[in-house]
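I have placed the structure first, in the form of structure tokens, so that the comments after it can refer back to it.
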Amino acid sequence: MKTIFSLINVVIAIAAGALVFLGYVFPDLLGGMRAILLQWAIILAAFALLVGILNLMQAHWRKVTTKQPKAVYSLVVLASLVATLLVTALSGPAGKWSLWIYNNLQVPIEISLLAVLAIVLAYAAARLMRRRMTWYTGMFLVTVLLVLLSTAPLYLIGEVSLLNSLHSLIVDILAVAGARGLLLGVALGTIAAGLRVLMGADRPYGG
Amino acid sequence: MQTGLADIFGLIIGFLLTLMVLSYIIGDNFLFRLAMAIFVGVASGYAAVLVIYNVLWYQLIVPLLTNPTANLALTIPSALLGIWLLTKGSSRLARFGNPVLAFLVGVGAATAVGGAIFGTILPQFNASTNLLNLQYASPDGAGLVSWFIKGLVILVGTLVTLAYFHFGVRSQGEGSLPQRHPLIENFLAPAGQAFIAVTFGVLFAGVYAAALGALIDRVRFVLDIILRFL
Amino acid sequence: MSALLDAYGNILGLLLALLCLGLIILFVATGRNKPGRNLREIPAFQRFRREVGLAVESGKRLHISLGHGGINEIPAGSALVGLTMLDRCARAASISDRPPVATSGDPLLAILSQDTLRGTYHDLNAERLYDPSSGRLSGLTPLSFTAGAIPVIHDEQISANILAGHFGGEVALLTEAGERSGSLTVGGSDNITAQAVLYASAQEPLIGEELYAGGAYLGAGSIHAASLRMQDILRWLLIALILIGALFKLFTGGG
Amino acid sequence: MTDILCPVCGKPNPPEAETCQFCQAPLKTSAFTPDFDEESDLPDWLRSLNADQNAFPVTSPAEEPSNVPDWLSSIGGETKEKEQPPSEAPAEPAQEQPDWLTDLTKDQPVEPLSADLPVWLSEQAPAPATPLSDEKQDWTDGWTSGEQAAEQQAEGEPSPSVPAFTFDAFEEPEKPTASESESGDMEGPLSTLPDWVADVTAEESEAEGGEDEAALAPAQLPSWLEAMRPAESDQPSTPTEDLSGASAESSGPLIGLRGVLSAEPINIRMRRAAAYSLKLRVTDEQKQRVALLEQLLADEPKPKALPAAPVITAQYVFRLLIALALLLPVIWAVASNGRLTPLPDASARPGVMAMYNLVERLPADAPVLVAFDYEAGYSGEMDAAASAVLEHLLGRGASLALVSTSATGPALAERFMANLNQQPERVNNPYTNYANLGYIPGGSIGLYSLAKSPRQSLPYDLQGVDVWASGPLSSVNGIADFSLVLVLVSDPETARAWVEQVGPTLRQDGAVLAMVASAQTAPLVQPYFSGNPRQVEALISGLAGGGAYENASASNGPARRVWDAYSLGLVVSVFVILVGTALDVTYKALLPGKKGK
């Protein structure tokens with residue numbers, strides 16, 4: 001009985017995938033069908049968000065009820081989640097109190113996390129040569145230093161034309177070439193991963 | 001006055017949260033964890049209301065209430081499939097939601113393949129073949145040589161970077177370890193790896209510059225608050 | 001040539017997809033692709049496999065982070081590969097004292113990670129060992145997902161972190177938490193900005209399309225190895241066509 | 001009515017039969033008929049169940065009462081083995097195993113489970129685990145063969161064939177005292193046995209009884225049965241007493257026997273049943289050993305606590321030094337609020353000049369679509385990068401429509417506009433000529449539908465007002481009707497999605513796509529600006545681009561306020577990374593013995 005259901009799941013995945021992909025190829029013929037399926041997917045993603053929120057709350061609630069270590073943080077997550085849901089739902093996404101929560105809690109924390117990222121990246125760059133001493137990591141480090149120096153006029157000195165030309169050589173030529181090769185490689189990998197699902201070989205949906 | 005008070009109170013909370021997060025630089029501590037817990041709750045709650053408001057309310061419930069017959073192909077099936085997907089919320093009923101998940105994974109896979117082919121491979125192919133296209137050289141012919149060298153370097157860089165990732169190996173003769181073709185192993189791969197190292201250096205510097213902008217913004221914010229309240 | 005692409009781009013895209021499909025089926029059918037036998041060695045996967053064994057013996061846990069890319073958007077490809085690697089990790093470490101945990105930043109991805117873990121334990125006749133909270137949604141925005149994953153790395157005796165999915169520059173916060181808690185970090189992403197950050201901060205970065213070879217290197221079946229052979233064939237086909245196209249436009253003045 | 005068991009061959013016969021239908025032995029020897037008809041008050045389902053039980057007394061090992069003496073449980077033991085499920089057919093041979101896995105599994109020899117177990121347990125030891133049979137078992141072979149064995153240990157309960165580890169197994173069956181056995185009454189240890197046992201013992205006692213009733217006419221036994229008759233030597237040699245006149249036993253296991261030894265059934269039955277205490281006689285040493293074993297079993301599944309890592313390490317100090325070296329100069333530069341470093345020159349940055357010219361060429365009251373597609377974390381950099389451009393747009397009298405493909409984008413847009421209105425020149429005359437259309441869900445799919453039809457994709461603004469009916473947006477039907485589409489973006493994927501999904505529609509109708517990209521995204525958007533054909537008409541890269549734009553538009557924006565700190569920060573960062581690398585490599589070189597971690 002179970003194999004019948006998994007077979008049905010595989011057929012659904014392949015059929016939906018084929019229709020959407022053919023919608024790319026024949027936009028006039030199947031473009032409308034593709035748009036509808038994609039619109040369904042957008043709305044289903046919103047329903048999935050409801051399940052996701054439930055999952056998040058269940059996980060933290062279980063931590064609190066089973067008194068696992070550091071469960072106090074889970075309690076704080078639940079409290080802030082419920083409070084934000086209530087305030088934002090009542091006053092609307094662009095309401096005064098929603099924006100108050102967003103501007104005074106979420107934005108400062110996110111910017112501070114990126115500020116910590118600056119220190120973390122500097123530390124990672126400083127330890128790179130110790131972790132992997134090769135010609136390529138050396139080239140990487142030299143490139144980082146040159147680009148940082150040429151991103152803005154030097155302090156007190158101002159613009160240095162040599163640095164600017166180095167900057168455009170590195171960014172406009174070498175990086176564009178490497179980025180294009182990387183993007184093409186990633187695209188090949190994405191095609192392979194997607195086709196395995198469309199063939200029914202990979203079935204992450206419990207097929 | 002009441003709004004003024006809320007703003008001041010907000011600034012103080014923002015100030016405290018900023019210091020709590022920056023304390024992670026010294027080490028993982030209680031204040032940082034508290035700030036992270038608040039952040040996960042607030043961000044998830046706000047994003048949830050936004051999505052429910054913009055998608056479920058405006059694109060599903062309002063059309064169903066105001067004009068049920070319009071756009072039937074969109075509203076009814078997605079509402080039914082959505083409710084069906086809610087079974088994934090309980091671990092006992094989760095198995096029944098697999099068909100809807102299969103639909104979403106199928107659509108996602110097709111979007112990925114379509115995006116990769118029509119969004120990356122064809123445009124990048126077209127842009128790469130235009131690198132030496134005289135049509136796009138500068139009209140007055142000035143700097144033709146530098147334009148050509150620039151185009152050639154980008155073309156070669158793109159191809160050797162792509163070649164570097166070759167996965168297949170074959171034994172190159174009796175008793176030797178399986179290896180990639182000597183042309184790849186000794187020429188294309190090292191050149192490709194050099195281009196990759198430079199590209200990653202540029203991208204890393206970009207991320208660092210953005211993060212430095214955030215660090216300066218936070219330092220300015222903290223100093224502003226201190227100066228304001230002292 | 002550009003006019004050709006604009007006019008027949010759709011058909012060319014379809015032919016390319018069918019060619020890829022045909023090559024995969026051909027290589028699976030001919031079976032000339034023994035898994036793990038004729039692929040170049042990637043240090044990251046080599047060290048990761050050893051780390052899985054050490055994790056089981058030392059009673060530690062594996063953490064697989066699937067990123068915050070949506071399943072019905074372009075980054076779906078990296079998310080699908082992340083789920084395959086999650087399945088392989090769960091199989092290998094299912095007898096550990098502390099079974100693996102998966103974090104993600106997209107609701108659909110969190111549901112899929114739970115289904116993947118349930119399916120894996122079902123295959124191993126150990127459905128009792130499956131714990132629904134091992135597939136977690138740690139936050140709904142990119143940075144809140146990262147903020148939710150950092151405590152997992154610090155608190156849950158993690159021996160190895162596998163970052164496989166769509167990340168941004170903030171992925172360095174996860175590798176930093178890994179380094180502070182003394183765990184190995186193997187990481188790859190479809191976003192090349194995140195790859196650049198992982199190149200500098202992860203102990204074992206996966207660069208370019210190496211992330212997509214995860215299934216083949218972890219023995220997820222012959223179709224993954226066949227996919228890699230298809231990618232190699234396509235790679236050289238693209239290189240040849242780009243060269244021919246560039247020379248054609250050079251000599252014909254844009255044609 | 002109950003079938004009658006044949007006294008000779010023990011097979012069930014219908015109640016009305018005179019002789020056994022199998023061996024023709026006479027049935028009516030005044031056999032035992034129960035005092036009361038137990039059947040009548042049983043429910044139907046139990047009756048059918050009861051009948052079956054009497055006919056085929058099958059007791060599954062698991063239900064076997066634990067207080068059964070050993071001699072009986074060993075019979076059960078045999079039945080258990082018979083019931084042992086045949087081991088599954090050997091699975092197909094595992095797929096060839098990759099080299100790295102065979103090395104992995106070679107180091108962990110799997111000891112046979114039953115090597116040093118006690119005999120009674122090792123017989124019951126589970127069959128060796130069979131590897132997975134589906135095509136995916138390869139590098140995990142080592143794990144799965146271990147798994148199933150461990151799984152059975154992890155289960156904690158013994159596999160069905162291993163008898164539950166109970167103390168009764170050690171109990172010595174109490175020997176019935178002489179008087180009880182003679183009285184034949186069922187007061188002894190058998191008194192609590194189920195009916196089927198009683199039937200078994202009744203058959204045996206009848207067989208024995210057979211010899212006493214030599215007077216019964218010998219049955220004409222069939223030859224094959226005659227051959228099975230026990231040899232003469234088994235026959236008791238002593239003459240038996242003539243008991244034909246004695247009364248036959250009417251109940252208990254000795255039913256039907258005549259002349260059972262002289263005890264009076266009634267007064268025996270009247271005595272209170274002897275209480276057999278089930279209290280265990282276990283020595284203290286045994287108790288300790290059992291407690292130790294229980295402790296071992298309890299600890300096995302519990303994950304072991306791991307040693308906490310030291311807090312202060314060389315890495316920790318190194319990290320603190322780097323943080324201080326970066327933070328102190330930045331704090332000083334921000335606190336001093338100097339204007340020592342000039343803003344970057346806009347003419348040296350083609351993307352900035354292109355943006356400036358674009359905005360300058362906009363007609364008055366032109367509708368402009370502004371997408372806030374960056375995460376809140378990047379607003380420190382993006383506010384400084386984009387403020388000058390939007391100030392310029394507001395100065396030109398453009399009417400803005402704000403959208404976002406990120407869930408928190410709309411709030412970010414409101415925050416940005418609020419900051420703009422806090423500029424000195426707008427405190428008294430805030431700018432309100434904008435509509436916040438909210439969030440476009442679905443990432444690139446959402447952009448595809450926005451490019452097709454903005455009105456259908458975003459029907460209402462955040463306040464729920466239909467902004468397309470009237471006002472500056474009433475003239476906009478398609479996305480190309482916007483004079484400018486300006487995307488503020490911090491993620492390369494999002495930038496690519498705008499170029500691929502919206503770009504083609506804009507180019508078809510001559511509309512313009514411009515971007516303000518974060519410094520991390522600019523290198524990947526650059527090819528779209530410098531490529532041929534140009535897919536992004538103008539590009540501002542990060543804070544440096546914002547500074548250049550402020551330079552071009554001679555405005556005193558946020559970029560100028562932090563410019564000194566930014567340029568000093570970059571120089572200090574280069575210095576910190578260089579010195580840090582040198583120190584770290586030297587530190588590793590000086591300590592060759594210690595493995596660099």
Side-chain angles (χ1 to χ4, degrees), chain A residues 21-22 24-27 38 41-42 44-45 48-53 55-56 58-59 62-63 69-70 73 77 106 109-110 113-114 116-117 120-121 123-125 128 131 137 140 144 179 181-199 201-206, chain C residues 10-11 13-14 17 20-21 24-25 70 72 74 76-78 80-81 83-84 106-108 110-112 115-116 118-119 132-133 136-138 140 143 146-147 151 155 169-170 172-173 175-176 190 192 195 197 199-201 203 208-209 211-213 215 221 223-224 227-228 230-231 234-235 238:
Chain A
F21 181 74
L22 293 175
Y24 271 104
V25 178
F26 308 110
L38 293 180
I42 290 173
L44 289 179
L49 186 124
L50 299 181
V51 175
I53 286 283
N55 174 288
L56 187 70
Q58 274 172 348
R62 185 177 302 120
K63 253 191 166 177
K70 307 194 179 180
Y73 300 124
V77 170
Q106 182 162 343
I109 292 178
E110 288 211 11
L113 270 177
L114 272 181
V116 169
L117 185 64
V120 164
L121 292 177
Y123 172 73
L128 179 59
R131 187 179 294 135
T137 44
F140 170 85
V144 168
L182 287 165
L183 287 174
L184 285 171
V186 165
L188 290 180
T190 303
I191 292 171
L195 286 181
R196 282 196 297 267
V197 170
L198 295 182
M199 294 165 69
D202 279 356
R203 300 182 293 277
Y205 40 80
Chain C
N10 294 346
I11 302 299
L14 178 63
C20 295
L21 201 59
I24 292 179
I25 293 170
N72 52 16
I74 291 194
S78 60
L80 294 170
V81 173
L83 290 169
T84 301
D106 177 75
L108 271 175
I111 295 172
L112 283 169
D115 277 3
T116 301
R118 180 186 297 117
S133 73
R136 296 177 200 169
L137 175 70
S138 62
L140 278 173
L143 271 168
T146 308
D155 296 346
E170 74 283 347
L173 294 172
T175 52
E176 171 72 6
D190 63 320
I192 56 177
Q195 285 183 29
V197 170
Y199 184 81
S201 58
Q203 283 107 339
E209 56 189 276
L211 168 69
Y212 293 88
I223 193 158
H224 287 263
S227 305
L228 283 194
M230 175 278 286
Q231 282 174 235
L234 252 300
R235 175 191 326 285
L238 261 179

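Every chain is numbered from 1 and lettered A, B, ... according to where its sequence line falls, protein lines coming before strand lines.
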Select one option (side chain, backbone, both, neither) describing which atoms of [X] are under 4.5 Å from chain A's heavy atoms.
{"X": "C:L112", "answer": "both"}
{"X": "C:I192", "answer": "side chain"}
{"X": "C:A76", "answer": "neither"}
{"X": "C:T84", "answer": "side chain"}
{"X": "C:L173", "answer": "both"}
{"X": "C:A17", "answer": "both"}
{"X": "C:D190", "answer": "both"}
{"X": "C:S78", "answer": "neither"}
{"X": "C:L228", "answer": "neither"}
{"X": "C:L211", "answer": "neither"}

For the candidates [options], which exhibits the highest count of non-hydrogen atom pairs separated by less than 4.5 Å from chain A?
{"options": "C:L137, C:T175, C:L238", "answer": "C:L137"}
{"options": "C:I11, C:I25, C:D155", "answer": "C:D155"}
{"options": "C:V197, C:L14, C:L83", "answer": "C:L14"}
{"options": "C:G70, C:A200, C:G119", "answer": "C:A200"}

Residue pair [X] / [Y]: nearest heavy atoms and the distance that separates them:
{"X": "A:L117", "Y": "C:A172", "answer": "CD1-CB, 3.4 Å"}
{"X": "C:Y212", "Y": "C:G77", "answer": "CE2-C, 3.9 Å"}
{"X": "C:G208", "Y": "A:V186", "answer": "O-CG2, 4.0 Å"}
{"X": "C:V81", "Y": "A:A193", "answer": "CG2-CB, 3.8 Å"}
{"X": "A:E110", "Y": "C:L143", "answer": "OE1-CD1, 3.3 Å"}
{"X": "A:P27", "Y": "C:N10", "answer": "CD-ND2, 3.4 Å"}

Which bit of [X] comes within less than 4.5 Å of chain C, counting heavy atoms only: side chain, backbone, both or neither?
{"X": "A:L50", "result": "neither"}
{"X": "A:L121", "result": "side chain"}
{"X": "A:A179", "result": "both"}
{"X": "A:V25", "result": "both"}
{"X": "A:I109", "result": "neither"}
{"X": "A:V51", "result": "side chain"}
{"X": "A:F26", "result": "side chain"}

Subject >> Evaluation steps, side chain to side chain contact (heavy atoms under 4.5 Å, CB included), between A:Y123 and C:E176 >> reply: CA-CA 9 Å; A:Y123 172 73; C:E176 171 72 6; 3.8 Å; yes
Subject >> Partner chain C: residue of A:L114, A:T190, A:L183, A:L198 with the largest heavy-atom pair count (under 4.5 Å) >> reply: A:T190
**OP:** With a 4.5 Å cut-off on heavy-atom pairs, point out which of A:V197, A:L182, A:L38, A:V120 contacts chain C the most.
**Re:**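 The candidate making the most pairs under 4.5 Å is A:V120.
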**OP:** For C:E209 and A:G189, indicate whether the former's side chain and the latter's backbone hold a donor-acceptor pair under 3.5 Å.
**Re:**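 Checked: no pair found.
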Subject >> Short side-chain to backbone donor-acceptor contact, A:R131 and A:L128, under 3.5 Å >> reply: no
Original post:
Heavy-atom distance under 4.5 Å between the side chains of C:S227 and A:L195, does that happen here?
Top reply: no
**OP:** Please list, chain by chain and in numerical order, all residues satisfying side chain to side chain donor-acceptor pair (under 3.5 Å) with A:Y24, sequence neighbours excluded.
**Re:** A:R34
**OP:** Using the test side chain to side chain donor-acceptor pair (under 3.5 Å), find all partners of C:T146 that sit at least two apart in sequence or belong to another chain.
**Re:**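 Listed in chain order: nothing, the list is empty.
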Subject >> Atom pair CD1/NE2 of C:I24 and C:H224 - distance to nearest 0.5 Å >> reply: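 Taking CD1 in C:I24 and NE2 in C:H224, the distance rounds to 10.0 Å.
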